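Please read all numbers here as calculations on a predicted model, not as lab measurements.
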Amino acid sequence: QAAEEYDMVQAEGFERLIDKIWDIMEDQHWYDQKMFEIYHTTDMSMRDIEKETGISLFSIFDTLRKSKEYVREKIQEDYEDLQNNEAERI
């Protein structure tokens with residue numbers, strides 16, 4: 001019973017963290033948002049996106065790298081809470 005409750009708390013914390021990531025990305029430029037969305041919600045690789053859109057691989061890589069750094073900075077504390085089994089703090 002306690003293990004199931006713990007798992008539920010962790011799962012809910014993970015869901016809240018994912019929601020926060022999408023909320024954080026709403027603060028970004030539309031292009032960065034769209035690139036992040038395509039990369040993280042489809043099976044497309046960066047090379048696939050390049051082929052489909054004609055956008056250079058470097059531009060795609062750089063956009064995703066900057067978005068990743070931005071998100072990481074904003075959710076670092078919440079992520080650490082999740083890793084430390086303190087999901088209820090998220």
Side-chain angles (χ1 to χ4, degrees):
Q1 180 87 9
E4 288 177 18
E5 194 171 306
Y6 165 79
D7 289 344
M8 184 60 86
V9 169
Q10 285 296 101
E12 289 171 354
F14 180 77
E15 289 295 322
R16 286 192 301 274
L17 190 62
I18 296 298
D19 289 344
K20 282 186 177 190
I21 290 170
W22 289 111
D23 289 345
I24 287 166
M25 283 308 297
E26 288 181 13
D27 297 338
Q28 297 300 290
H29 187 271
W30 70 267
Y31 175 85
D32 300 341
Q33 287 179 30
K34 195 64 176 171
M35 193 63 66
F36 188 87
E37 177 186 340
I38 291 168
Y39 187 72
H40 289 286
T41 63
T42 70
D43 291 333
M44 294 178 79
S45 67
M46 286 188 253
R47 290 193 190 279
D48 293 337
I49 296 169
E50 175 189 34
K51 288 176 193 168
E52 190 72 27
T53 65
I55 298 168
S56 76
L57 186 60
F58 175 79
S59 178
I60 294 165
F61 176 82
D62 197 49
T63 298
L64 291 172
R65 179 186 58 78
K66 288 177 183 175
S67 294
K68 180 179 167 183
E69 289 173 2
Y70 181 76
V71 168
R72 182 181 285 142
E73 178 185 310
K74 296 287 185 182
I75 66 159
Q76 185 65 38
E77 189 173 320
D78 289 331
Y79 178 75
E80 288 171 5
D81 287 341
L82 189 64
Q83 293 296 105
N84 293 329
N85 300 321
E86 297 174 337
E88 67 281 355
R89 301 179 77 187
I90 299 172

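Within 6.0 Å of CD on E69 lie more than 12 heavy atoms contributed by other residues, nucleotides or ligands. In E52, the CD atom is not crowded: 12 or fewer heavy atoms of neighbouring residues, nucleotides or ligands sit closer than 6.0 Å. Environment of CZ in R47: sparse, with no more than 12 heavy atoms of neighbouring residues, nucleotides or ligands closer than 6.0 Å.
Under the 3.5 Å distance criterion, the side-chain polar atoms of Q33 are matched with a main-chain donor or acceptor of Q28. No donor-acceptor pair under 3.5 Å is formed between the side chain of R89 and the backbone N or O of D81. Put simply, the side chain of N84 gets close to the backbone of E80: a donor and an acceptor are under 3.5 Å apart.
Both M25 and F14 belong to a common hydrophobic cluster when Ile, Leu, Val, Met, Phe, Trp and Tyr are linked at side-chain heavy-atom distances under 4.5 angstrom. Residues I24 and I38 do not share a hydrophobic cluster, clusters being chains of Ile/Leu/Val/Met/Phe/Trp/Tyr side chains in contact below 4.5 Å. A single hydrophobic cluster is not seen to contain both Y31 and Y70; linkage of ILVMFWY side chains at heavy-atom distances under 4.5 Å, directly or through other members, places them apart.
For the residue pair D48/S45, the side-chain donor-acceptor check at 3.5 Å is satisfied.
The distance from atom CD1 of I49 to atom OG of S56, rounded to the nearest 0.5 Å, is 12.0 Å. Rounded to the nearest 0.5 angstrom, M46 CE and R65 CZ are separated by 11.0 Å. Atom CG of D78 sits about 9.5 Å away from atom CD1 of I21, to the nearest 0.5 Å. One distance of note links CD of Q10 with CD of E88; it measures 7.5 Å at 0.5 Å rounding. From I18, atom CD1 reaches atom NE2 of H40 across 10.0 Å, with rounding to the nearest 0.5 Å. Expressed to the nearest 0.5 Å, how far OH of Y79 lies from CD1 of I90 amounts to 10.5 Å.
When every heavy atom of L64 is checked against every heavy atom of M35, the shortest pair comes out as CD2-O, 3.8 Å. The nearest pair of heavy atoms linking L82 to G13 is CD1-C, 4.2 Å.
Between K34 and E37, the closest side-chain pair of non-hydrogen atoms falls below 4.5 Å. Proximity of I60 to Y39: side-chain heavy atoms (C-beta onward) are nowhere separated by under 4.5 Å. With a 4.5 Å cut-off on side-chain heavy atoms, E26 and D23 count as touching.
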